[in-house]
2 protein chains.
Amino acid sequence: MNIATDTRSRIIAAAKTRFHSRSYANVGIQEICDNAGVQKGSFYHFFPSKRDLAMAVIDEFADDWANGFVAEAFDPALPPMERIDYLIDAAYFWQKSIKEVHGRMLGCIFGNLTLEVSTQDDILRAKLLAIFTQAKFRFKDALEQAVAEGTIAPLDSELTAEAMLAYLEGVILLAKSQNDPELLYRLGPAIKTLRIELKRA
Amino acid sequence: MNIATDTRSRIIAAAKTRFHSRSYANVGIQEICDNAGVQKGSFYHFFPSKRDLAMAVIDEFADDWANGFVAEAFDPALPPMERIDYLIDAAYFWQKSIKEVHGRMLGCIFGNLTLEVSTQDDILRAKLLAIFTQAKFRFKDALEQAVAEGTIAPLDSELTAEAMLAYLEGVILLAKSQNDPELLYRLGPAIKTLRIELKRA
DNA sequence: ATGATAGATGACCGTACGGTCAAGAAAATC
DNA sequence: GATTTTCTTGACCGTACGGTCATCTATCAT
């Protein structure tokens with residue numbers, strides 16, 4: 001059973017870096033197999049289709065995120081608004097280190113895939129949406145705690161959280177168009193200026 | 001010459017809708033030719049490569065924008081901050097009408113292409129970057145006029161402009177992940193809350 | 001020891017990809 | 001009217017795509 005899971009995860013590992021650094025359509029299964037040292041027939045033993053591989057890749061990236069610096073950023077021990085700063089910082093350093101290693105800014109895999117496939121594959125779109133929704137609630141929790149503490153004035157926490165997530169994705173997109181993670185450094189902190197007021201009753 | 005330019009623009013027209021509604025890699029030249037009623041050899045008479053077609057498509061979209069509702073939005077006769085409202089509105093109604101016709105939210109072609117190709121093709125990336133830069137300056141002008149008028153407090157107009165553009169792209173991305181243009185309506189207006197202060201001397 | 005199951009192999013399927021080319025038709029130039 | 005240029009045609013190139021399959025080899029429980 002161990003060898004099996006190892007093959008499977010070698011496939012996923014090979015796919016992760018490629019989907020991230022190029023695109024879904026531009027990476028072929030043959031290439032992934034070659035890189036993972038796996039036969040194509042073996043690939044289809046583990047994944048019914050390319051889309052299923054993408055699902056697994058998204059899951060792994062989401063895990064990396066949730067257990068990596070996102071967990072650190074949204075540490076309940078930190079003051080709520082500092083968590084947001086921390087997340088921006090972490091995203092900046094992550095993209096920067098990717099560029100140092102890889103020579104290019106690769107951006108956010110979830111954003112990349114969303115814009116590429118979400119008009120063509122509702123199942124992948126739903127999966128990506130779920131991840132964004134999860135991220136939104138992290139922001140929302142932080143905002144609500146900040147309001148409860150009196151650190152910030154009351155606001156529509158859910159919409160503001162969504163706006164912040166959108167802003168983060170947008171900044172990463174723009175930075176990718178410049179191939180320059182420094183844009184994250186310059187624009188990132190402004191995320192805290194975003195506010196959507198509560199609807200008047 | 002007329003027939004020739006007509007063929008060329010039929011090719012571009014067929015490519016525009018397809019690149020917008022799917023992706024660059026997912027649309028083949030054969031399909032574009034079939035739809036434009038053109039032979040493949042004829043295609044390569046007008047475009048040296050698929051990338052050159054993409055360049056032309058980007059140019060046409062940029063023209064549509066610049067001469068369409070962006071020109072209306074950034075009308076110097078409008079109060080500067082209202083121009084930004086107008087742009088958000090226009091983006092919302094545009095995406096909404098696309099969805100009504102097409103059944104899906106297609107998002108921003110420039111954002112879509114940026115995330116798909118900018119790690120793979122520096123020439124396309126440069127082209128897209130130039131369009132974002134142009135858009136940034138529209139925001140910047142509006143902001144500077146608003147500051148001059150005293151409508152808003154002084155700020156770093158260039159960085160704030162860039163932040164606003166990023167936010168717009170991010171909101172469109174998130175809306176696409178939900179296949180719901182209404183998100184633009186809910187989140188869009190918050191663009192005016194974004195602020196990046198001037199660096200202290 | 002045996003039979004079932006899980007995994008690996010590599011040839012193979014049809015189709016589509018971006019791109020090329022020689023030849024012919026149509027238009028513009030002289 | 002002849003020549004040159006622009007445009008069109010349709011067959012063709014090699015390669016890669018996602019996916020299938022029969023066969024073989026481990027691994028496992030009984």
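Proteins get letters first, then strands, A, B, ... in listed order; numbering begins at 1 in each. All values below were derived from every heavy atom in this structure, side-chain atoms included, with hydrogens, water molecules and symmetry-related copies excluded. Just so it is clear, the model here is predicted, and its values are computed rather than measured.
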Rounded to 10 degrees, the angle between the two terminal axes of the helix from C:dA1-D:dT30 to C:dC30-D:dG1, each from five pairs: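 Rounded value for the end-axis angle: 10°.
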Would you say that [X] contacts [Y] through its side chain, given a criterion of any heavy-atom pair below 4.5 Å between the two side chains?
{"X": "B:H102", "Y": "B:H20", "result": "no"}
{"X": "A:I109", "Y": "A:W65", "result": "no"}
{"X": "A:D89", "Y": "A:F69", "result": "no"}

Residue met sooner reading DNA chain D from 5', once A:P48 and A:N26 are mapped to nucleotides: A:N26
5'-most by nearest nucleotide on DNA chain D - A:S42 or A:A25: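 Final value for this comparison: A:A25.
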Atom [atom1] of [X] and atom [atom2] of [N]: how far apart are they, to the nearest Å?
{"X": "B:R8", "N": "D:dT6", "atom1": "CZ", "atom2": "P", "value": "15 Å"}
{"X": "B:Q39", "N": "C:dG19", "atom1": "CD", "atom2": "C1'", "value": "15 Å"}
{"X": "B:I11", "N": "D:dT8", "atom1": "CD1", "atom2": "C1'", "value": "11 Å"}
{"X": "B:D121", "N": "C:dG18", "atom1": "CG", "atom2": "P", "value": "14 Å"}
{"X": "A:I32", "N": "D:dG19", "atom1": "CD1", "atom2": "C1'", "value": "14 Å"}
{"X": "B:F46", "N": "C:dG19", "atom1": "CZ", "atom2": "P", "value": "17 Å"}
{"X": "B:D52", "N": "C:dG19", "atom1": "CG", "atom2": "P", "value": "9 Å"}

A:D141 and A:Q145: side chain donor to acceptor below 3.5 Å: no
Side-chain H-bond candidate by donor/acceptor type, A:S157 with A:E144, under 3.5 Å: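 Yes, because at least one side-chain N or O of A:S157 sits under 3.5 Å from a partner of the opposite role on A:E144.
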Contact letters for nucleotides 11-16 of chain D, in which S counts primed atoms plus P, OP1 and OP2 and B counts the base, heavy atoms under 4.0 Å: ------
Does a nitrogen or oxygen in the side chain of [X] sit under 4.0 Å from OP1 or OP2 of [N]?
{"X": "A:H45", "N": "C:dG7", "result": "yes"}
{"X": "B:T7", "N": "D:dC7", "result": "no"}
{"X": "B:Y44", "N": "C:dG19", "result": "yes"}

is_close_aromatic(B:F74, B:Y86), centroid dist under 6.0 Å: no
Plane angle bin for B:Y185 and B:Y92 - parallel if under 30°, tilted between 30 and 60°, otherwise perpendicular: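 Tilted.
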Aromatic plane relationship, B:Y24 with B:F19 - under 30° parallel, 30 to 60° tilted, over 60° perpendicular: tilted
Name the atoms and distances for all side-chain donor-acceptor pairs under 3.5 Å in residues 159-167 of chain B, with sequence neighbours left out.
{"unit_1": "B:T160", "atom_1": "OG1", "unit_2": "B:D156", "atom_2": "O", "d": "2.8"}
{"unit_1": "B:T160", "atom_1": "OG1", "unit_2": "B:I196", "atom_2": "N", "d": "3.0"}
{"unit_1": "B:T160", "atom_1": "OG1", "unit_2": "B:I196", "atom_2": "O", "d": "3.3"}
{"unit_1": "B:E162", "atom_1": "OE2", "unit_2": "A:Q178", "atom_2": "NE2", "d": "2.9"}
{"unit_1": "B:Y167", "atom_1": "OH", "unit_2": "B:L187", "atom_2": "O", "d": "2.6"}

5' precedence on DNA chain C between B:K50 and A:F43 (nearest-nucleotide basis):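 Looking at the nearest nucleotide for each, A:F43 comes out on the 5' side.
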